[in-house]
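Presented below is the structure to which this report refers.
Protein chains get the first letters and strands the later ones, always in sequence-line order, with residue 1 at the start of each.
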Number of protein chains: 2
Amino acid sequence: MTEGPTINTIARRAGVSIASVSRVLNGLPTREETVRRVLSAAEELGYVPNSVARSLKNRRTNQVAFAMADIGNPVYLAMVREIQPVLRAAGYRLLLHSTDADVADELDVLRGLGERYVDGLIMSPLRVTDEHLRALAAARAPVVVIGSVPEETGVDNVRADSRTGVRLALDHLYGLGRRRIAFVNGPPDTVPGAARAAAYREALDALGLPYDENLVEVGDFYRAEGATAVRALLDRAADVDALMCANDLIALGALDVLRRAGRRVPEDVAVVGMDDTYLAGVAWPALTSVSLGSERRGRAAAELLLDRLENGQRQARVVTVEPRLAVRASTAGVRDGTDDVPGAGEGTEGEESP
Amino acid sequence: MTEGPTINTIARRAGVSIASVSRVLNGLPTREETVRRVLSAAEELGYVPNSVARSLKNRRTNQVAFAMADIGNPVYLAMVREIQPVLRAAGYRLLLHSTDADVADELDVLRGLGERYVDGLIMSPLRVTDEHLRALAAARAPVVVIGSVPEETGVDNVRADSRTGVRLALDHLYGLGRRRIAFVNGPPDTVPGAARAAAYREALDALGLPYDENLVEVGDFYRAEGATAVRALLDRAADVDALMCANDLIALGALDVLRRAGRRVPEDVAVVGMDDTYLAGVAWPALTSVSLGSERRGRAAAELLLDRLENGQRQARVVTVEPRLAVRASTAGVRDGTDDVPGAGEGTEGEESP
DNA sequence: TTGTAGGCGTTATCAA
DNA sequence: TTGATAACGCCTACAA
């Protein structure tokens, strides 16, 4: 019992060959009597098939990995929450890699695919280097990338549309009469950082607002860094009446600083976050935020990967998820703070329409 | 190349036997010349060892699973964040199971251990039934339970101390002059629910305060349910001056309701949460919360499991983590709301002292 | 319907 | 130092 029964143990006990055992266990046509004996032997022994042996034979592990920078980031968390049930329903286990956005780590994961410990990989790199592209091209298992990579890379790709997203936010702010709309970004050498910076300029253009570099500050995608950036911004441009933040964490930092500075939100300064994580509904005032569809992107990635795993080779696909604006108190003027609170209260985002 | 090189491919290419290849690859003493030939063949072929075959032979997968109710719950998230790096440093991959606190699912995970797809399991069940205990006793791989199980169960066990935790909170509130301290709990048939309910009574006793059942309300460990419970509580006992909430999510719901009801926090009603998740620093006013050491418990569990995996059989151990009270604006009267904000701003809790 | 035997990719033993 | 060879546990022709 210490060493666990195998089909051999069962075969001996039932007085049949291992082939018969395997057949019965896999539901292949077998004489009734044999079936009974095998099943009861298996039952008595508490037999459980060894998945490693099975994998070696099958050449599939029924495992999928998800690699992201940091599970502590609510955006990735939202993705995991969607990916997990989809995979699970299809009989796959989920393996987690937290890479701290370290390029070497990410490449290791990609190369590790050669070890065949998973059947496929979903990955969401913060930066995409040439090495990434090479490693992706050489990957030994199907990969789905969340975040934009060039079409030629030949991997399935799920994209956000920060361009439209920022546009939605700025239109909204403009509609509220705001004209001095600042932008607080994360590192511009990241994929989202670059995209959002460009999107901001474009949105200003579309609204006929001038680009004022005093209204732009770069920090990092975290609360403390967001706070620092906003502090600098307020010093430089005291007349800002709205802050477009490149993610929700930055926006939280902005709220901290504005509160200390005695600026009312949204009366004096409206604040918009991005990613629409569940932190938006915890902050006070609750944060208006651009949803880039983390949940939908996670689910789409899982579905793309599953499809590829079941149906093999086919053309690489690109899915782009529509952004949406979740308007809450930080821009709406309703100082209630509890609008749009997820029903479960646990960070669960509701289902979204297509 | 499609099918990936194996030691056989290398052996042919290098003109040696597979045994020599294996030896070289595992660093066993081999003639210099052979080493060179094998290594260069491996290099040219881009050889990566197949971990499944290796696992079959070794009887170890270098994988560990963590099973919890819901990765979306910040408490489990905090644990994952600590568990992952510990395992990773020891060369283990992390597999995630989200069971929705479903007993059948949890039992499945325990039985699934027989498939040998992981070397060990860390699990944090919300309820512990007799079936759990049986399944734990019969588990085919080492298990560490986060959450209390009876000593006799014979598994390594990492416990929180809600008793002391609640005591800390009530002492604090009492010290602030609060005498009508209500308690908002989650389901009392869960391990934490039961423990916290008992702890509340005990703490009142110790303070010489009467137990008033009008001051106790039961809901669930979520924000919306917490809100509902607090609403009922205010109706019944308008004179409460403090709320002890059984977790942070409930406390968030409490803040929502108090705000709507026009009660100032902490002036009119002080609020204490539990678990000290990073939501406590996002809420406004920032939430005083009892830390039950999710991070330390996660890390301890990972370390216990690793030790068992490396060193095999030994007596089952019980580790209890000391609670601590993180005082913030929801009780302290400093309406700044940004005290004790994690430096990284990303939910990272600082290192704690022993 | 059933059993024998070979193979999945590694590791490890035992002679040579 | 090296090479055959036998496992690890399962699946599956192929033969009986």
Do [X] side-chain atoms and [Y] backbone N/O form a donor-acceptor pair below 3.5 Å?
X: A:Asn58; Y: A:Arg54; answer: yes
X: B:Asn26; Y: B:Leu28; answer: no
X: A:Ser124; Y: A:Ile146; answer: yes
X: B:Asn157; Y: B:Gly147; answer: yes
X: B:Ser55; Y: B:Arg60; answer: yes

Let me know the distance between [atom1] of [X] and [atom2] of [N], rounded to the nearest Å.
X: B:Arg116; N: D:dG9; atom1: CZ; atom2: P; answer: 9 Å
X: A:Arg37; N: C:dT2; atom1: CZ; atom2: C1'; answer: 12 Å
X: B:Glu33; N: D:dT1; atom1: CD; atom2: C1'; answer: 13 Å
X: A:Arg12; N: D:dG9; atom1: CZ; atom2: C1'; answer: 13 Å
X: A:Arg59; N: C:dT10; atom1: CZ; atom2: P; answer: 11 Å
X: B:Arg140; N: D:dG9; atom1: CZ; atom2: P; answer: 12 Å

What does the list of N/O pairs under 3.5 Å between the protein and nucleotides 10-13 of chain D look like, with a distance for each?
from: D:dC10; atom 1: OP1; to: A:Tyr47; atom 2: OH; distance (Å): 2.5
from: D:dC10; atom 1: OP1; to: A:Asn50; atom 2: N; distance (Å): 3.1
from: D:dC10; atom 1: OP2; to: A:Ile7; atom 2: N; distance (Å): 2.7
from: D:dC11; atom 1: OP1; to: A:Arg54; atom 2: NE; distance (Å): 3.0
from: D:dC11; atom 1: OP1; to: A:Arg54; atom 2: NH2; distance (Å): 3.3
from: D:dC11; atom 1: OP2; to: A:Ser22; atom 2: OG; distance (Å): 3.4
from: D:dC11; atom 1: O2; to: A:Lys57; atom 2: NZ; distance (Å): 3.4

Within the supplied structure, the quantity of interest is the number of heavy atoms (other residues, nucleotides, ligands) at a distance under 6.0 Å from B:Glu33 CD; does it exceed 12?
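Check passes, neighbour count above 12.
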
Is the number of heavy atoms from other residues, nucleotides or ligands within 6.0 Å of CD (A:Glu310) greater than 12?
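Result for CD/A:Glu310: enclosed.
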
Does D:dG3 have OP1 or OP2 sitting under 4.0 Å from an N or O in the side chain of B:Ser20?
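True: B:Ser20 side-chain N/O within range (under 4.0 Å) of D:dG3 OP1/OP2.
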
Where is the tightest heavy-atom contact between A:Ile71 and A:Ser98, given as atom of each residue plus distance?
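That closest heavy-atom pairing would be N-OG, 3.5 Å.
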
Between CE of A:Met79 and CZ of A:Arg299, what distance do you get to the nearest 0.5 Å?
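Result: 12.5 Å between the selected atoms.
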
Have a look at A:Val52 and say if it touches a base, only the backbone sugar-phosphate, or nothing, with a 4.0 Å heavy-atom cut-off.
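No contact.
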
Work out how much the helix from C:dT1-D:dA16 to C:dA16-D:dT1 bends between its end axes, five pairs an end, to the nearest 10 degrees.
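Nearest ten degrees gives 50° for this helix.
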
Given that B:Leu56 and B:Gly15 both sit by DNA chain D, which one's nearest nucleotide is further toward the 5' end?
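Per heavy-atom nearest nucleotide, the more 5' residue is B:Gly15.
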
